[in-house]
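Here is how names work: the chains are called A, B, and so on, in the same order as the sequence lines, proteins then strands, and each is numbered from 1.
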Number of protein chains: 2
Amino acid sequence: MNSDNQFLRSGCPIVNGLDIFGDKWTLVIIRDLVCGKKTYSELANSPENIPTNRLAERLKMLEAENMLVREQYQSKPKRYTYVLTKKGRDTLPILQEVAKWGNNYVEGTWTPLKSFMEST
Amino acid sequence: MNSDNQFLRSGCPIVNGLDIFGDKWTLVIIRDLVCGKKTYSELANSPENIPTNRLAERLKMLEAENMLVREQYQSKPKRYTYVLTKKGRDTLPILQEVAKWGNNYVEGTWTPLKSFMEST
DNA sequence: CCATTTACTTGCGATATTGAAGTTACTAGT
DNA sequence: ACTAGTAACTTCAATATCGCAAGTAAATGG
């Protein structure tokens, strides 16, 4: 399931958003990128412990969807940082609303930083 | 994976929101309920064609999470409508942000009604 | 009595996910 | 030169979840 218009589940913009990031990991990865993480190992070391094969797969998918680009930061060995494009960064309002909801309705969640909740 | 605090992936409110509705169908069902659908068959007949076993399963999960309640509307045979609680309705800002994003970034999506995008 | 409707449930092969271990390409230390 | 370590993945097997099709239960309408 992707955003290639040949195979849309429907024309609904919600459905088409979910077909890209409607799973348990993709928005977690984007959360970390928004919060300043840049490398594979930083992303792999989140408290949620994403399996590394899932991380690699989702990063490729996000790159294919133009949500992020890889930027080389050293050559021997070749290493890349993952940086969100505008398309990727523009999921921030979604993350903020999910964070508000989780904060209101799931006990035991911590309050996100103001800098995260108020950035645009 | 659920919101029972014994088994949180982490204390992150985003992660805990996603553990309830971070999949391809749950927010689609909530979208339809927000838009006025009430019965099982109305929900089953969305353009996305959710498999009926998935629909039944998600409705039970949403009820267990107190996102909706079942209300009996006839007795022979017993039939129920599904109605969102405040907890369920409060995902609307998330739906609205996802809709905005999908509208901006996925070609071929239709523009949601103002009544949907502006309701609170 | 038979067809239809609503609301599910069951079975099953296909697909996706997890967790652990392995690989590649280097760097730094002894 | 040898060994250890780190970053960034990949591979594999077991398990979980999915979508599809078909079946069931409880009525209603003709």
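Listed by chain and number, the hydrophobic cluster partners of A:Val69 are A:Val83, where partners are ILVMFWY side chains within reach of under 4.5 Å, directly or through others.
B:Glu57 comes within 4.0 angstrom of the backbone, heavy atoms only, and of no base.
Here the closest non-hydrogen pair linking A:Leu59 and A:Tyr40 is CD1-CD1, 3.9 Å. When every heavy atom of A:Val34 is checked against every heavy atom of A:Leu95, the shortest pair comes out as CG2-CD1, 4.3 Å.
Side-chain atoms of A:Glu42 come within 3.5 Å of backbone atoms of A:Lys38 as a donor-acceptor pair (strictly under, hydrogens ignored). Put simply, the side chain of B:Thr85 gets close to the backbone of B:Met67: a donor and an acceptor are under 3.5 Å apart. With hydrogens and angles disregarded, a donor-acceptor distance shorter than 3.5 Å links the side chain of A:Thr81 to the backbone of A:Glu71. A donor-acceptor contact shorter than 3.5 Å links the side chain of B:Lys24 to the backbone of A:Leu18. Checking side-chain atoms of B:Trp101 against main-chain N and O of A:Gly88 turns up no donor-acceptor pair under 3.5 Å.
C:dT17 atom C1' lies 12 Å from atom CZ of B:Arg9, rounded to whole Å. Summarising the geometry, the separation between CD1 on A:Ile50 and P on C:dT18 is reported as 8 Å, rounded to the nearest angstrom. Between the CE atom of A:Met61 and the P atom of C:dA16 there is a distance of 12 Å, rounded to whole Å. Distance CG (A:Asn49) to C1' (C:dT17): 15 Å, rounded to an integer number of Å.
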Taking distance alone, no hydrogens or angles, what donor-acceptor pairs closer than 3.5 Å link side-chain atoms of residues 108-120 of chain B to residues at least two apart or in another chain?
from, atom 1, to, atom 2, distance (Å)
B:Thr109, OG1, B:Gly102, O, 3.4
B:Thr109, OG1, B:Val106, O, 3.0
B:Trp110, NE1, A:Gly11, O, 3.4
B:Ser119, OG, B:Ser115, O, 3.2
B:Ser119, OG, B:Phe116, O, 3.1

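For D:dC18, neither phosphate oxygen OP1 nor OP2 lies less than 4.0 angstrom from any side-chain nitrogen or oxygen of B:Trp25. Between A:Lys60 and D:dT10 there is a side-chain N or O to OP1 or OP2 distance below 4.0 Å.
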So if I define the base as every atom that isn't primed, P, OP1 or OP2, how would nucleotides 2-7 of chain C read as a B/S/- string at a heavy-atom cutoff under 4.0 Å?
----BS

Reading nucleotides 11-16 of chain D 5' to 3', which nucleotides get B (base under 4.0 Å from a protein heavy atom), which S (sugar-phosphate only), which -?
BB----

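A search for salt bridge (Lys or Arg N to Asp or Glu O under 4.0 Å) contacts involving A:Lys86 returns A:Asp90, not counting sequence neighbours.
Contacts between residues 26-37 of chain A and DNA chain D, counted as heavy-atom distances below 4.0 Å, involve no residue at all.
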